[in-house]
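Read the structure below first, then the notes.
Every chain is numbered from 1 and lettered A, B, ... according to where its sequence line falls, protein lines coming before strand lines. Quantities reported herein were computed from a predicted structural model and do not represent experimental measurements.
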Protein chains: 2
Amino acid sequence: MSGSSTRRPTRQQAAVAALLERSSDFTSAQTLHARLRESGDPIGLATVYRALQSMVEAGTVDVLRTDDGEAVYRACSTHHHHHLVCRSCGRTVEVEGPAVESWADRVAGEHGFSDVTHTLEIFGTCAACATTST
Amino acid sequence: MSGSSTRRPTRQQAAVAALLERSSDFTSAQTLHARLRESGDPIGLATVYRALQSMVEAGTVDVLRTDDGEAVYRACSTHHHHHLVCRSCGRTVEVEGPAVESWADRVAGEHGFSDVTHTLEIFGTCAACATTST
DNA sequence: GGCGATTTTGACAATCGTTCTCACTTTGAG
DNA sequence: CTCAAAGTGAGAACGATTGTCAAAATCGCC
Ligand SMILES: [Zn+2]
Ligand SMILES: [Zn+2]
Ligand SMILES: [Zn+2]
Ligand SMILES: [Zn+2]
């Protein structure tokens with residue numbers, strides 16, 4: 001069987017998945033690895049990367065890049081959505097915008113592009129951080 | 001007067017800027033460096049990075065990250081816009097969507113976020129590549 | 001429960017884009 | 001011209017990610 005890449009379930013993969021479920025913000029592989037170790041979960045860094053990779057492929061985890069190119073991961077709902085992220089504390093809100101979806105498809109179509117996808121993230125300072133820092 | 005961070009004009013910076021003007025697609029620093037060298041323009045890699053960095057800060061060059069985290073650069077118009085990029089050949093079209101801009105700001109505001117920015121890129125297969133590959 | 005084929009793991013090395021270092025060169029004001 | 005300030009570049013350093021490969025875990029089967 002081809003297609004679906006079902007991996008054998010292991011303690012390590014479960015640990016990564018569980019930690020992601022518990023985290024509400026986008027988190028880097030290195031940070032996840034460090035947290036798992038701290039909490040007494042022995043796991044190799046390469047294994048964390050592999051687990052994240054397969055979860056991203058499976059669509060159960062979203063990944064995006066910070067400004068300095070580091071990949072950060074988050075367990076999200078599986079339907080299509082985007083993110084509103086606090087630049088300061090990392091607080092993340094899932095948002096949807098049907099109008100944006102159709103706009104992107106229409107614009108791409110007008111220029112003769114097919115097989116269209118897009119990336120869209122919104123960054124700002126959340127209310128909590130705004131009061132704190134000022 | 002100082003104020004703005006104007007850099008001293010040099011042959012190398014001009015070469016990077018000129019090459020970017022000539023390129024219609026997003027290009028990596030390494031590629032730009034290689035092209036400059038090929039065309040007989042002696043220049044160091046670090047200098048290419050520095051030139052790109054200051055142009056990005058000055059707002060005369062746009063930068064985005066490829067899926068594998070590499071930064072790619074392009075000389076774009078200076079007003080706010082987004083990009084429609086061919087996944088196959090790299091052809092890039094600048095696009096604008098006032099509706100998207102206001103949507104992003106509104107959504108962020110509804111969640112109490114301030115100082116809002118966003119990133120938005122559209123990817124697809126351009127007409128030329130669609131016919132070629134099939 | 002035990003067995004062997006197959007997959008996963010993990011310590012470590014390797015890769016790769018990017019930044020840093022620092023001696024040398026270029027620039028530009030006086 | 002002269003000199004201080006700014007820019008350059010070869011190579012070292014860096015940090016995130018991926019590759020390696022022997023040891024360990026898993027699964028289907030007896
Ligand atoms: Zn915040
Ligand atoms: Zn969308
Ligand atoms: Zn194309
Ligand atoms: Zn915009």
When the distance from [atom1] of [X] to [atom2] of [N] is rounded to whole Å, what number comes out?
X       : N      : atom1 : atom2 : value
B:Gln12 : C:dC24 : CD    : P     : 18 Å
B:Gln13 : D:dG7  : CD    : P     : 7 Å
A:Leu64 : D:dA16 : CG    : C1'   : 16 Å
A:Arg11 : C:dT8  : CZ    : C1'   : 11 Å
B:Met55 : D:dG7  : CE    : C1'   : 16 Å
A:Glu70 : C:dT19 : CD    : C1'   : 16 Å
B:Gln53 : D:dG9  : CD    : P     : 16 Å

field: Selected nucleotide, minimal atom distance to B:Arg7 side chain, candidates D:dA10, D:dT8, C:dT9
entry: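 Looking only at heavy atoms from C-beta outward on B:Arg7, the closest nucleotide is D:dT8.
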message: With a cut-off of less than 4.0 Å, is there a side-chain N or O of A:Arg8 near OP1 or OP2 of C:dA5?
response: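 So the side-chain polar atoms of A:Arg8 never come under 4.0 Å of the phosphate oxygens OP1 or OP2 of C:dA5.
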query: Any side-chain N or O of A:Tyr49 under 4.0 Å from OP1/OP2 of D:dT17?
result: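 Indeed, a polar side-chain atom of A:Tyr49 lies that close.
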- request: Within residues 28-45 of chain A, find the residues that approach DNA chain C with a heavy atom at under 4.0 Å, and present them sorted by residue number.
  value: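 Close to the strand are A:Arg37, A:Pro42, A:Ile43, A:Gly44.
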query: With a 4.0 Å cut-off on heavy atoms, is A:Thr10 in touch with a base, just the backbone sugar-phosphate, or nothing at all?
result: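 Touches sugar-phosphate only.
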message: With a 6.0 Å cut-off on the ring centroids, do B:Phe26 and B:His83 count as close?
response: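 Close enough - the centres of the two rings lie under 6.0 Å apart.
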message: Assuming nearest nucleotide by heavy-atom distance, tell me which of B:Val72 and B:Pro9 is located more 5' along DNA chain C.
response: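 Nearest-nucleotide comparison on DNA chain C picks B:Val72.
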task: By nearest nucleotide on DNA chain C, pick out whichever of B:Arg50 and B:Arg65 is the more 5' one.
output: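 Of the two residues, B:Arg65 wins.
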message: Under 4.5 Å side-chain heavy-atom separation, chaining through any Ile, Leu, Val, Met, Phe, Trp or Tyr, what else clusters with A:Leu52? Say none if it is isolated.
response: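 Under the 4.5 Å side-chain rule, A:Leu52 groups with A:Val16, A:Leu19, A:Leu20, A:Leu32, A:Leu36, A:Ile43, A:Val48, A:Met55, A:Val56, A:Val61, A:Val63, A:Tyr73.
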task: For the residue pair B:His118 and B:His80, confirm or rule out a side-chain donor-acceptor distance under 3.5 Å.
output: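 Side-chain D/A pair, B:His118 to B:His80: present.
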- request: Would you check if there is a donor-acceptor pair between the side chains of A:His81 and A:His79 at a distance under 3.5 Å?
  value: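 Side chains of A:His79 and A:His81: no pair found under 3.5 Å.
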query: Who passes side chain to side chain contact (heavy atoms under 4.5 Å, CB included) against B:Arg91, sequence neighbours left out?
result: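 Listed in chain order: B:Cys86, B:Cys89, B:Cys126, B:Ala128.
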query: To the nearest 0.5 Å, how far apart are OH in A:Tyr49 and OG in A:Ser54?
result: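 Nearest 0.5 Å value for the OH-OG distance: 14.5 Å.
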message: In the structure I gave you, are the side-chain heavy atoms of B:Ser77 and B:Glu96 within less than 4.5 Å of one another anywhere?
response: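 Answer no - side chains too far apart.
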